[in-house]
Number of protein chains: 2
Amino acid sequence: MTRIDDVARLAGVSTATVSRALRGLPTVSAATRRRVLAAAEQLEYAVSPSASRLAGGRTGTIAVVVPRITRWFFGTVVEAVEDFLQQSGYDLLLYNLGGREQTRQRVLRTADLHKRVDAVMLVATPLRPAELTALTRLELPGVTISSGTPVPGWPCVRIDDVGVARTATRHLLDLGHRRIAHITGDPDELAYTTHLDRRRGYRDVLRDAGITPDPYLDVESQFTIGGGARATEELLRRGDPPTAIFAACDEMAMGAMTALRDAGLRVPQDVSVIGVDDHDLASALGLSTIAQPAAEQGRLAARILLDPLHGGPPAPPVRRRPDPPGSPVILPTRLIVRESTAPPRAH
Amino acid sequence: MTRIDDVARLAGVSTATVSRALRGLPTVSAATRRRVLAAAEQLEYAVSPSASRLAGGRTGTIAVVVPRITRWFFGTVVEAVEDFLQQSGYDLLLYNLGGREQTRQRVLRTADLHKRVDAVMLVATPLRPAELTALTRLELPGVTISSGTPVPGWPCVRIDDVGVARTATRHLLDLGHRRIAHITGDPDELAYTTHLDRRRGYRDVLRDAGITPDPYLDVESQFTIGGGARATEELLRRGDPPTAIFAACDEMAMGAMTALRDAGLRVPQDVSVIGVDDHDLASALGLSTIAQPAAEQGRLAARILLDPLHGGPPAPPVRRRPDPPGSPVILPTRLIVRESTAPPRAH
DNA sequence: CTGAAAGCGCTTACAG
DNA sequence: CTGAAAGCGCTTACAG
């Protein structure tokens, strides 16, 4: 493999100059830069990341932590982030927690993390108090997406989860529903707030309409298709089924549709169903939903993260954001009405 | 951050000994090892990957290249691979091609890759001749999953795509169908063989049954839900619809079910549908399919890749597999009959 | 705008 | 089983 001194020799300059020219630093004359680039091209030179990182103190790598890459939201976010990082010349180090305690500890072993990446993106990953303390002490730049623990100094990109639930529930009320159930996920997980926020929005709107939220119509399970199915079966088992179900995500809504069908109930004639996300399959299934911009959240978070990291043209390594940002960036969501929601049948 | 000499000082040994003890090399006395580990623990020492990589010549990183992480098969594979690598102490560098020429070039810029990772896993990513040549010259260890270009010296983990198609088609024939359509994906992509293999199995079985494959019943689109829907719409537009559709993957099958429903046709009463994968949603939708072990393929491929990489306990860096493996490892698949396939209605 | 030299934090022969 | 020393391939003050 060609090294930097091969390029330096061919271009007739020092290795320091090659380094500067290749990184686009402004302190290199146009003529010299041209010669260096030509030499590098000719020798098919690629910088050694290990050497560059050791000498420069930057890793050029971003850690992206997600609960489960196979869930629609996280896959979509990662795809968008990877795209952005790739174009910016950063590597993406993927951590898929997958509910494994061991992985979790490895990721949040902060000394490990600190020497491995320049910044961290935490997607819907709530932190335990000890983890938060350790991470904060690191002074690594970072960004969070979606609900989770706010990390001091880290910007946050998300949607308005309470608002989303309000919109969904109001849509069902507007159609004339009164017995509206809610199914949601992950009660056992850490300090997730997504399911709490969405439940809050649901209850608030019911109360505004003069309806007392009925605990019997509120079932927790997992944020998956199977979780939605199980929650719905539980709902049906309790007797006196609702005329509408607000599922905390589309995957759960799909599970609900299946469980309803299996129970001989038709959607929307017998029971209306609405979810949250606008999953790829939602339109195929005719599922009404509150669309959230997943890719956009990933892209924006990546942009925010890299912006201070670059620290301007001469790119001195910046170890933390100059101005710790305040409130989260809230991206808009919108109601999409499809075939899975309709007025309840007359009594 | 603590460095190796901090640990050495506390333990009262040289940095060389710390290095050996921490990596578990056998040439360290038990007592010394204990002291080193205690010191490292006490100082919360974590090795610097950059320094270690530069000095050791190994990156401890595996590149995983997938077409689109958001597609079921690839997400599931990546999750399994990440799990395995994580447990083995390797980092996973994710490359999501996403049809972007630019990313593709960056990934397959071999000098870049060589300095960045110890090995490569190529998932369903066919190579252009120039890419194959460059990659082969690198002498990097690697493994491929699913169809794609065989790389000399790289093992391959996959399923029998021809066999899968045969089983699916035969299932439809056994039910009594004669007008069986096939919808598949990615004709524009590079030298994919998946769609070719599956088409071959489909045609072979038809011919065995004395049926001449009808090009009018064979539509190409994309390997996605939308692709399946579009292919099916095209099929219906051509008139005289089939009584059954064999879709090259479950996502296309789901799109087909939607398109059929939109056209006022019922599944399976009017048209039977079968896919390939056993996607998470397949059982929810009652979709008959040929199940393939996606996670298992990822896990196995990771194991194969790391096995020679470790090269035994003393772990000297091995640059290529000792014995270039021969034929691919073929994992079993199985027919799962659900509600989307049934005998055709009597004429 | 450019170069010589030090240094980033490890691992690896080599010697004992 | 252990240590002293060289070296991995860059980047960064520092000096000019």
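Residue numbers begin at 1 in each chain, while the letters A, B, ... track the order of the sequences.
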Counting only side-chain nitrogens and oxygens, does A/Thr17 get under 4.0 Å of the OP1 or OP2 atom of C/dT2? no
With sugar-phosphate meaning primed atoms plus P, OP1 and OP2, does A/Thr27 contact a base, only sugar-phosphate, or nothing at under 4.0 Å between heavy atoms? base
Whole-Å distance separating the CG atom of A/Asp6 from the P atom of D/dG9: 10 Å
Given C/dC10, C/dT2, D/dG3, the nucleotide with the shortest approach to the side chain of A/Ser29: C/dT2
Between D/dC10, C/dG9, C/dT11, which one does the side chain of B/Arg3 approach most closely? C/dG9
Does A/Lys115 have a side-chain nitrogen or oxygen under 4.0 Å from the phosphate oxygens OP1 or OP2 of C/dC10? yes
Looking only at heavy atoms, the pair that brings B/Val65 and B/Thr125 closest together is O-OG1, 3.8 Å
Please pick, from D/dA4, D/dT11, C/dT11, the nucleotide with the shortest atom-to-atom distance to any side-chain atom of A/Ala55. D/dT11
Would you say the side-chain atoms of A/Asn96 pair up with the backbone N or O of B/Glu79, donor to acceptor, closer than 3.5 Å? no
If you compare every side-chain N and O of A/Ser52 against the phosphate oxygens of D/dT11 (OP1, OP2), does one of them come in below 4.0 Å? yes
C/dA4 P sits how many Å from A/Ile4 CD1, rounded? 14 Å
Residue closer to the 5' end of DNA chain D, B/Val28 versus A/Arg23 (nearest nucleotide): B/Val28
Return the nearest nucleotide to the side chain of B/Leu54; candidates are D/dG3, D/dG9, C/dC10. D/dG9
Side chain of A/Thr32: nearest nucleotide among D/dC10, C/dC1, C/dA4? C/dC1
Rounded distance (Å) that lies between atom P of C/dG9 and atom CZ of B/Arg58: 21 Å
Salt-bridged, A/Asp5 to A/Arg9, with N to O below 4.0 Å? yes
Please give, in whole Å, the distance from C/dT11 C1' to B/Asp5 CG? 14 Å
Donor-acceptor contact present, side-chain B/Thr133 to main-chain B/Pro129, <3.5 Å: yes
Interatomic distance where CG belongs to A/Leu25 and C1' belongs to D/dT12 [whole Å]: 11 Å
With a 4.0 Å cutoff (strictly under), does any side-chain N or O of A/Ser19 reach OP1 or OP2 of D/dT11? yes
Write down the distance between CZ (A/Arg116) and P (C/dC10), rounded to a whole number of angstrom. 12 Å
Mind checking A/Ser50 for me? I need base, sugar-phosphate or nothing, with any heavy atom below 4.0 Å counting as a touch. nothing
Under the 3.5 angstrom rule, does the side chain of B/Arg35 hit a backbone N or O of B/Ala11 as a donor-acceptor pair? yes
For a quick check of understanding: with a heavy-atom distance under 4.0 Å over all strands, which category does A/Arg20 fall into, base, sugar-phosphate or nothing? base
Counting just side-chain N and O atoms, does A/Tyr45 come under 4.0 Å of either OP1 or OP2 of D/dG9? no
Rounded distance (Å) that lies between atom C1' of C/dG7 and atom CE of B/Met1: 19 Å
Need the pair for C/dA15. Rule: Watson-Crick or G-U wobble, both distances under 3.5 Å, any strand; none if unpaired. D/dT2
Given 3.5 Å as the limit, does a donor-acceptor pair link the side chain of B/Arg53 with the main chain of B/Lys115, or not? no
